[in-house]
Amino acid sequence: MRPVEAVIRELAQSDLVVLLLAETGSGKHTTARRIHGISRRRAQPFRWFPCSTLKPEDLETSLGSGDVLLNAGTAYLDELADLSAECQQRLLEALTHAPGDGSEAGERARLICGSARDLEVEVKRGRLREDLYYRVSGVCLRLPPLRQRREDIPFLIGHFLRKYARDFRRTVPNLSAETLRLFLDYSWPGNLRELEDAARVLVALGDEQVALGGLRA
């Protein structure tokens, strides 16, 4: 993830619209927060909006003053292809007309979009406007799934075990060599989310076999 972190740091220095592409559970939301957290907007709000539940009026009120981009801070739109046709139209209008120079209409918010689906396929199927896709995909960051970054697994499992040991006020469990080997060999179809869930069960129950039984494969 070090090369990805280097790109994140570069992206944080600008206000460009960013599109994050990754499998479900690979850390799109966390990456969006990371970009916001090291940007000049870090003291301003970070707003997360699942596109599947957004309504046209939400784009006018929840995200800011009649325009999706007029509130300072960062707006993260999760699963862009789930936007309704009317919301896609409203968002395109906001991206086209919102000011970006801190003028009297208000400072433009940073927009980050995320998707676990191939958006070019969604465009071809008519589920996503082509003009909106091109508007948000100028800067695209693809996050690798966990199975492609196995060298990170020991660090991640250690982080999650310590996190839930603090939350549950328990000692950090020492995993057996067999369990560690399984974690390294497992394909993690649920990615980081699945790894974190396994760590939570390990700490909560203190039973490796029960935790391993919850894995999909």
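No hydrogens, no waters, no symmetry mates; every other heavy atom, side chains included, goes into these values.
We find that D15 and R41 are joined by a salt bridge, their nearest charged nitrogen and carboxylate oxygen being less than 4.0 Å apart.
The number of heavy atoms from other shown groups lying within 6.0 Å of CZ (R150) is above 12. More than 12 heavy atoms of other residues, nucleotides or ligands shown are found within 6.0 angstrom of CG on D185. Atom CD of E151 is surrounded by more than 12 heavy atoms from other residues, nucleotides or ligands within 6.0 Å.
Taking CD from E130 and CD from E120, the interatomic distance works out to 9.5 Å, rounded to the nearest 0.5 Å. Between the CG atom of L19 and the OG atom of S115 there is a distance of 7.0 Å, given to the nearest 0.5 Å. For the atom pair C113 SG and L80 CG, the distance stands at 5.0 Å (nearest 0.5 Å). A distance of 8.0 Å separates OG1 in T31 from OH in Y76, rounded to the nearest 0.5 Å. The distance from the CG atom of L92 to the CG atom of D131 is 4.5 Å, given to the nearest 0.5 Å.
Remark: side-chain polar atoms of R127 are not paired, donor with acceptor, to backbone N or O of A81 under 3.5 angstrom. With hydrogens and angles ignored, the 3.5 Å screen pairs a side-chain donor or acceptor of W188 with a backbone N or O of F183. Proximity of a side-chain donor or acceptor of H36 to a complementary backbone N or O of R47 within less than 3.5 Å is not detected. Although no hydrogens or angles enter the test, the distance criterion places a donor-acceptor pair under 3.5 Å between the side chain of R170 and the main chain of A204. In this structure, K28 contributes its side chain and D78 its backbone to no donor-acceptor pair below 3.5 Å. The backbone N or O of F160 lies less than 3.5 Å from no partner atom in the side chain of E196, so there is not a single donor-acceptor pair. Judged by distance alone, the side chain of N191 and the main-chain N or O of T24 form a donor-acceptor pair under 3.5 Å. Between the side chain of Q88 and the backbone N or O of L83 there is at least one donor-acceptor pair closer than 3.5 Å. Listed for the R42 side chain is a donor-acceptor partner under 3.5 Å among the backbone atoms of S39.
Under the 4.5 Å side-chain heavy-atom criterion for grouping Ile, Leu, Val, Met, Phe, Trp and Tyr, V18 is connected to F46 within one hydrophobic cluster. Residues L91 and L21 are members of one and the same hydrophobic cluster, defined by side-chain heavy-atom contacts under 4.5 angstrom among Ile, Leu, Val, Met, Phe, Trp and Tyr. Under the 4.5 Å side-chain heavy-atom criterion for grouping Ile, Leu, Val, Met, Phe, Trp and Tyr, W48 is connected to I35 within one hydrophobic cluster. L77 and L16 sit in two unconnected hydrophobic clusters of ILVMFWY residues. Membership requires side-chain heavy atoms under 4.5 Å apart, directly or through other members. V17 and Y134 fall within the same hydrophobic cluster, where Ile, Leu, Val, Met, Phe, Trp and Tyr residues are linked whenever their side-chain heavy atoms come under 4.5 Å apart, directly or through other members.
In this structure the side chain of I8 reaches within 4.5 angstrom of the side chain of L141, judged on heavy atoms. The side-chain heavy atoms of P173 and L161, taken from C-beta on, include a pair separated by under 4.5 Å.
For R117, the salt bridge (charged side-chain N to carboxylate O under 4.0 Å, His left out) test picks out D82, E122, with sequence neighbours left out. R181 is linked by a salt bridge (charged side-chain N to carboxylate O under 4.0 Å, His left out) to nothing, counting only residues two or more places apart in sequence or in another chain. Annotation: salt bridge (charged side-chain N to carboxylate O under 4.0 Å, His left out) contacts of R34 (sequence neighbours excluded): E5.
In plain terms, the two heavy atoms of L192 and S26 that are nearest each other are CD1-O, 3.5 Å.
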(request) May I have the step-by-step check of side-chain contact (heavy atoms from CB on, under 4.5 Å) for L11 and R110, ending in yes or no? (result) CA-CA 11 Å; L11 294 175; R110 174 71 175 278; 4.1 Å; yes
(request) With salt bridge (Lys or Arg N to Asp or Glu O under 4.0 Å) as the test, would you mind laying out the steps for E86 and R90 before giving the verdict? (result) CA-CA 6 Å; E86 189 173 357; R90 299 280 182 92; 3.0 Å; yes
